[in-house]
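Below, read A as the first sequence line, B as the second, and so on, with proteins coming before strands; counting in each chain starts at 1. Just so it is clear, the structure is predicted and the values come from calculations on it, not from any experiment.
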Amino acid sequence: MTQQTATTQTCPAVSVCAPDFDPAAVFENGQCFRWERRRDGTWSGIAHGRRLHLRKEGNRLLFLGASPEEVQTIWHHYFDLGRDYAAIRTAFARDKALARAVAFAPGLRLLRQDPWEALCSFILSQNNNIPRIKGIIDRLCAAFGAPLEDGGFAFPLPQALAELDAADLAPVRCGFRAGYVLDAARKVASGEIDLDALAALPLDKARAMLQTIRGVGPKVADCALLFGCGRLDCFPVDVWVRRILTAYYPDGFPEALRPLGGIAQQFLFHYERCHAVRRPQSAPAGGIDR
DNA sequence: TACCAGGGCCTTT
DNA sequence: AAAGGCCATGGT
């Protein structure tokens, strides 16, 4: 990592060379829910109990308001800046569907989110849409997360949620998912489920462990493992990915790409969503329709 | 195997 | 302005 200090108008910022980091692709592909693009092009978000402002300038990523130590110890890991995405894209480019998805968003990367935040967020994501998921998480953090100096809130700890009941979550307006979140919080806070141990467990054991939580099925378990535990071989299958698999991989997903299947899935998911979302309902049925 | 469980965003009319 | 579809699902 090349690191240096740049000077902006008001405050010094750490800058890192990251040519293959596209904030819009990273933050708007559905893997995270707490980043917002501001009018000046800066991205603002909260993770690990800290606010960060981030801006891309040329090939460099500017970390505004973060010390060099924070960048090294927290953000470098969170953004997974040590991973060689150029090599990953090269490997993916040999596959036809993936080549197209990678060419569409070469700056897409997976974040290494906090396991609890990922688990909780994807429990809340079920049968739900992204704008509403963001609103629910905002209200959950504001109600039960530790306040930050700037008026923001950390993601609430499982211990903070474990002692609540469904009525306490009413203001969050997450509907039938309230009981699911509370069950997850209790199992994690009590130590019955050790999220930090999941990364080292065999995949089937880790999945089974997570699925003992009410409201956590195969899809949510894989999302928590992929986005929160760094299990890049996890391949969450939702309605979009199911569509992609049947359309482009009728004989199954290539064995050679399985170890990075989670990253592949994200490229494919992002491409498919960006090309289908604004498609009028009256459009003629194409290859991606059911 | 269907159907049900909040609620609200978004598109269409 | 109003209606209805739809939603990174899982439980029963």
Side-chain angles (χ1 to χ4, degrees), chain A residues 25-36 101 105 108-111 113 115 117-140 143 164-187 193 207-229 231-248 253 261-285 288-290:
Chain A
V26 170
F27 296 131
E28 294 182 337
N29 67 66
Q31 66 175 317
C32 58
F33 304 98
R34 300 203 71 196
W35 289 90
E36 222 64 57
L108 177 70
R109 305 175 70 98
L110 260 66
L111 301 172
Q113 302 180 64
E117 178 170 338
L119 171 62
C120 197
S121 297
F122 281 92
I123 288 173
L124 292 167
S125 80
Q126 68 173 248
N127 194 44
N128 210 345
N129 55 68
I130 289 175
R132 183 165 177 240
I133 297 164
K134 286 183 173 177
I136 289 172
I137 290 176
D138 277 349
R139 293 189 290 273
L140 183 74
L164 306 176
D165 57 33
D168 297 317
L169 283 186
V172 175
R173 304 207 300 278
C174 61
F176 60 88
R177 308 164 191 84
Y180 300 164
V181 167
L182 294 179
D183 190 48
R186 288 175 191 136
K187 284 188 165 79
I193 289 179
R207 284 186 174 125
M209 181 76 75
L210 285 170
Q211 289 181 39
T212 64
I213 300 167
R214 276 183 66 83
V216 177
K219 159 65 170 62
V220 172
D222 272 12
C223 282
L225 287 167
L226 174 61
F227 301 127
C229 301
R231 297 298 293 254
L232 302 181
D233 49 343
C234 268
F235 202 111
V237 177
D238 69 336
V239 56
W240 293 87
V241 176
R242 175 80 58 200
R243 218 172 289 160
I244 291 165
L245 287 176
T246 48
Y248 305 129
F253 191 71
I263 300 179
Q265 170 270 160
Q266 202 65 12
F267 276 102
L268 293 166
F269 177 81
H270 184 59
Y271 177 89
E272 204 66 16
R273 260 176 52 94
C274 287
H275 289 259
V277 159
R278 296 182 189 287
R279 184 169 47 106
Q281 275 187 349
S282 55
I288 53 175
D289 277 290
R290 279 173 270 222

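A/Q265 comes within 4.0 angstrom of a base, heavy atoms only. Nucleic acid contact for A/G215: sugar-phosphate only, since backbone atoms but no base atoms lie under 4.0 Å from a heavy atom of the residue. Across all strands, A/I130 comes closer than 4.0 Å only to sugar-phosphate atoms, never to a base (heavy-atom distances). Residue-level contact check: A/D222 touches neither bases nor backbone, having no heavy atom under 4.0 Å from any strand. Residue-level contact check: A/F227 touches the bases, meaning some heavy atom is under 4.0 Å from a base atom.
A donor N or O paired with an acceptor N or O is not found under 3.5 Å between the base of B/dA5 and the side-chain atoms of A/Q126.
Taking side-chain N and O atoms only, A/R214 has no distance below 4.0 Å to OP1 or OP2 of C/dT9. OP1 or OP2 of C/dA8 lies within a sub-4.0 Å distance of a side-chain N or O belonging to A/R273. For A/R173, a side-chain nitrogen or oxygen approaches OP1 or OP2 of B/dG8 to under 4.0 Å.
Distance from the side chain of A/R132 is smallest to B/dG8 among C/dA8, B/dC10, B/dG8. Listed nucleotides B/dC9, C/dA8, B/dG7 differ in distance to A/N128; the shortest reach to its side chain belongs to B/dG7. For A/N127, counting side-chain heavy atoms from C-beta on, the closest listed nucleotide (C/dT9, B/dC10, C/dA8) is C/dT9. Here B/dG6 is the nucleotide among B/dG6, C/dA8, C/dG11 with the atom lying nearest to any side-chain atom of A/R177.
Taking the side chain as every heavy atom from C-beta outward, A/S121 and A/I137 approach each other to under 4.5 Å.
A/Q31 contributes a side-chain N or O that, together with a main-chain N or O of A/V26, makes up a donor-acceptor pair within less than 3.5 Å.
How far CG of A/D233 is from CG of A/D222: 9.0 Å, rounded to the nearest 0.5 Å.
Once the 5.5 Å centre distance and the 30° plane angle are applied, the aromatic ring of A/F176 is found not to be stacked with the base of B/dG6.
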